[in-house]
Amino acid sequence: MAKLTGADVAQHADKNSCWVIVHGKAYDVTEFLPEHPGGQKIILKYAGKDATEEFDPIHPPDTLDKYLDKKFHMGEVDMRTVAIEEKQVDPDEADRLERVKNMPPLELCYNLSDFEYVAKQVMKRTAWGYYSSGADDEITMRENRTAFHKIWFKPKVLVDVENIDMSCTMLGSKSSIPFYITATALGKLGHPDGECCLTKAAARHGLIQMIPTLASCSFDEIVDAADGKQTQWFQLYVNKDRQITERIVKHAESRGMKGLFITVDAPQLGRREKDMRSKYAEDDTAVQKEGDTTTIDRSQGAARAISSFIDPSLSWKDIPFFQNITKMPIILKGVQRVDDVIKAVEHGVTGVVLSNHGGRQLDTAPTGIELLADVMAELRARNWQDKIEVYIDGGVRRASDVVKAVCLGAKGVGIGRPFLYAMSAYGVEGVCRAIQLLKDEFEMNMRLIGARNVSELTPDMVDAKGLAYHTIPSGPDMLHHTVYSPLTNPAFKAK
Ligand SMILES: Cc1cc2c(cc1C)[n+](S(=O)(=O)[O-])c1c(=O)[nH]c(=O)nc-1n2C[C@H](O)[C@H](O)[C@H](O)COP(=O)(O)O
C-alpha cells in the first residue's frame, strides 16, 4: 500500500475530519476528539500535522495501538513529504531552558528540598501540578513527611565507625545503599530526556531503578539506556485486558527485569487538584460545557488522561495468574494494612511496598513508615520476618529517614518526587547530586548512630512510639506551605 503524503493528511485539519501523525503514522482522531481527557484544543492544534513531539511526554508510546480502534489507523506517512514546522524547539522546552538560566548552580543545592524549590520555578505548570500534587487535602502527603519526625534515634557511642559499608541487597540484587528510584509516571513532563535521566544516574551510583508502566520514554528506550550491569525493576499497572498485561510482563522479564512490582493501591487514580487545576488552566475545552451530556470527566489532569486502562477488578485471586506467567519475584506495591501483608505472605509473593502512592491516592491513608513498625512487629511475632521483603516509600527527604526505615526492618526505601525535581533543572547531573547528598548524609548518620553496616541498623536504635500520634497541628510548615499553597501561589489560581 502506497504511503500517505503530508498533503493527504493536511486535508483532515479540523473538527469535522481530524487526522494527526504520530511516529510516522496517520490516525483519524475525529470521533475521539470529544473524549480526549486533555480536551480537544490540544489535538486540533496539530490537526493535519505531525503531533509526535506533543504526544510523547504525556502518552506511553503504544497508547494508540492499544486504545484507538484499528479502523482509525490510516497508514504510514512518507515523512519526507511532511512540511517540517521549522522544527523549532518545543515552546515549553524553550521556556524551561530560559527559567533554568536563572536558577542557582547545582553545587548550591544542599538538600532535596532545594531541588523541590528549583523545580517549582523551572517546571511548566502542568508538570509541577502533576508531580507535586497529592490527593484531596494532601493530609497523607504531608503526614508522609512529618511521620519521620516522630521517630527519634537512640545512638550508640564509642563504636569504631571508621569503616562504613552502606551496601545492601534488595530482591537478591546488590545496591550501593538501601534506597531505590521508585516508579513515577510521565518523566518527560519535567525534562525532555524523561526516565532515561534516572536510568543513567542510577547506573552511575549503583542504585536500582523501578521503571513505571506509564513512563514517557518507552520501556525499551529505558532498558536500552541502562549500562547492561545495573538492576532494574518493573512497575505494573494491571490492564483490564489480561493478554496485554501478559505480553507486557513477559517482555519485561525478557529484557532482564529483576522484580515485578504490581501496583495495588490504584484501582482508580486519586483526585489530585493541583493536577486538575493546571489542566483546566491549560485548556478550558477540557471541562464539560453546559448541556454537554457526555459522561467523560475531562476535568482531570494528566493522571486520569492516561489511566483508564487500569483494572479495578484486580484481586487476591489474580496472584496465581502472575505467578504462572513470570519467574520474576512479585512484589505488591501500595499495601496499607498489616493483615494484607499477612495475606501477601500466605499468597507466596516475595515482597510488599508499604506505600500510599506518595499521598496521591486515598487521603488519610496511613504512612508507610508508621505501618512498617506494626507490620514488622506482627511478622516477628509469627517468626515470618524472613518470609517476605518489606519496603516502604513516601515522604523520604533525608537519609536519616532511610536509616529509620531500615532500623525498623525495611529492606529498602523508594524515593520518587525528589529525583523528578532534581532532574527538572539539572538533568542527569541533578539526579546524581541528589543521590550523592543522600549518600553523604547516610554515611554521616551511620557514624553518628554507631552502626558500621546496614545489618547493624536495628530496632533498638530508634524510638518510634511517637508514630502512634497522628500529626497534631504544629503550626504551618512554612517550607512546604509556601511551595504548595494555591493561596500564596497565584500560578495556581484558575483563570
Ligand atoms: C510523584 C509521583 C508518584 C507516582 C506517580 C507519579 C508521580 C509524579 N505515578 S502515578 O502517575 O500513577 O501517580 C505512579 C505510577 O505510575 N505507578 C506507581 O506505582 N506509583 C506511582 N507514583 C507513586 C510512587 O511510586 C511512590 O509511591 C511515591 O512517589 C513515593 O513518595 P515520594 O514521591 O514522596 O517519594
Side-chain angles (χ1 to χ4, degrees), residues 57-60 112-113 115-116 119 123 126-135 138 140-148 179-191 194-195 198 209-216 219 233-238 259-272 274-275 278 300-310 314 331-336 352-362 365 367-369 371 391-398 401-402 405 412-424 434 438 480 484:
I58 286 267
H59 307 81
L112 301 189
S113 290
F115 286 115
E116 181 163 344
M123 284 185 179
T126 45
W128 174 254
Y130 180 60
Y131 289 159
S132 67
S133 55
E138 302 186 336
T140 290
M141 185 167 80
R142 284 193 298 278
E143 185 70 10
N144 277 346
R145 189 77 214 102
T146 50
F148 285 103
F179 66 77
Y180 56 87
I181 299 176
T182 192
T184 53
L186 302 186
K188 279 188 181 175
L189 269 184
H191 187 281
E195 291 81 5
L198 304 174
Q209 174 195 18
M210 191 190 300
I211 300 174
T213 295
L214 295 176
S216 300
F219 171 77
W233 296 331
F234 181 58
Q235 172 271 325
L236 177 73
Y237 271 136
V238 178
L260 176 65
F261 286 68
I262 302 175
T263 298
V264 295
D265 61 6
Q268 171 181 339
L269 283 201
R271 195 169 177 283
R272 304 144 188 190
K274 281 202 215 59
D275 185 24
S278 61
Q300 292 304 317
R304 291 276 169 85
I306 56 169
S307 57
S308 51
F309 70 91
I310 297 172
L314 183 68
I331 297 81
L332 304 182
K333 177 176 182 291
V335 174
Q336 303 170 69
V352 292
V353 183
L354 306 179
S355 169
N356 49 52
H357 215 101
R360 297 163 68 81
Q361 287 300 106
L362 178 63
T367 63
I369 187 71
L371 201 55
Y391 298 86
I392 74 155
D393 71 24
V396 172
R397 300 295 181 267
R398 286 281 183 191
D401 303 331
V402 181
V413 171
I415 301 177
R417 292 181 182 87
F419 297 131
L420 294 172
Y421 295 153
M423 166 170 102
S424 65
L438 286 170
H480 287 270
Y484 289 123

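Side chains are part of it too, since the values below use all heavy atoms of this structure and drop only hydrogens, waters and symmetry mates. Counting starts at 1 for both ligands and their atoms, in listed order.
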In terms of atom number and element, which parts of ligand 1 are under 4.0 angstrom from non-hydrogen atoms of Y237? 10 (S), 12 (O), 14 (C), 15 (C), 16 (O), 17 (N), 18 (C)

Considering the options T182, D401, L112, I369, which one meets the side-chain contact (heavy atoms from CB on, under 4.5 Å) requirement together with V396? D401

Go through ligand 1 atom by atom and flag the ones less than 4.0 Å from a non-hydrogen atom of R272. 13 (O)

Check each heavy atom of K333 against ligand 1 and say whether those closer than 4.0 Å belong to the side chain, the backbone, both or neither. side chain

Taking N or O atoms only and a 3.5 Å limit, does A183 qualify as a polar contact for ligand 1? yes

What atoms of ligand 1 come within less than 4.0 Å of a heavy atom belonging to S355? 27 (O)

Euclidean distance, M141 CE relative to T146 OG1, rounded to 0.5 Å: 11.5 Å

Please report the interatomic distance CG(L332) to CG(D265), rounded to the nearest 0.5 Å. 10.5 Å

Contact check: P212 vs ligand 1, nitrogen or oxygen atoms, below 3.5 angstrom: no

Report yes or no: does M210 have a heavy atom closer than 4.0 Å to ligand 1? no

Heavy atom of T182 under 4.0 Å from ligand 1? yes

Compare all side-chain heavy atoms of T213 with those of F234 and state whether any distance is below 4.5 angstrom. yes

Taking the cut-offs as 6.0 angstrom to the six-membered ring centre and 45 degrees off its axis, would you call R397 and F115 a cation-pi pair? no

Report yes or no: does a heavy atom of R397 sit under 4.0 Å from some atom of ligand 1? yes

Contact check, D393 vs ligand 1, heavy-atom distance below 4.0 Å: yes

Counting C-beta onward and ignoring hydrogens, is there a side-chain heavy-atom pair between V335 and V264 closer than 4.5 Å? yes

Under 4.0 Å from a heavy atom of Y130: which atoms of ligand 1 are those, numbered in the order shown and with their elements? 6 (C), 8 (C), 10 (S), 11 (O)

Below a 4.0 angstrom heavy-atom separation, can you tell me which part of R417, side chain or backbone, both or neither, approaches ligand 1? both

If you count the atoms of ligand 1 from 1 in the order shown, which ones are under 4.0 Å from a heavy atom of Y131? 1 (C), 8 (C)

About how many Å separate CD1 of I310 and CG of L269, when rounded to the nearest 0.5 Å? 4.5 Å

Donor-acceptor contact present, side-chain E195 to main-chain S216, <3.5 Å: yes

So does E143 get a backbone contact from the side chain of T367, meaning a donor-acceptor N/O pair under 3.5 Å? no

If only atom types and distance count, is the side chain of Y421 paired as donor or acceptor with the main-chain N or O of S113 below 3.5 Å? no

Under 3.5 Å, N or O to N or O, is G414 touching ligand 1 that way? no

Can you tell me which portion of T184 lies within the under-4.0 Å heavy-atom range of ligand 1? Options are side chain, backbone, both, or neither. both

How about Q361 and R271: does a side-chain donor come under 3.5 Å of a side-chain acceptor? no

Once you restrict to heavy atoms under 4.0 Å, what part of A185 touches ligand 1? Side chain, backbone, both or neither. both

If you measure from CD on Q235 to CD on Q209, what distance do you get to the nearest 0.5 Å? 12.0 Å

Show the atoms of ligand 1 that are less than 4.0 angstrom away from any heavy atom in T263. 18 (C), 19 (O)

Once you restrict to heavy atoms under 4.0 Å, what part of R145 touches ligand 1? Side chain, backbone, both or neither. neither

With a 4.0 Å heavy-atom cut-off (strictly under), which part of R360 contacts ligand 1: side chain, backbone, both or neither? side chain

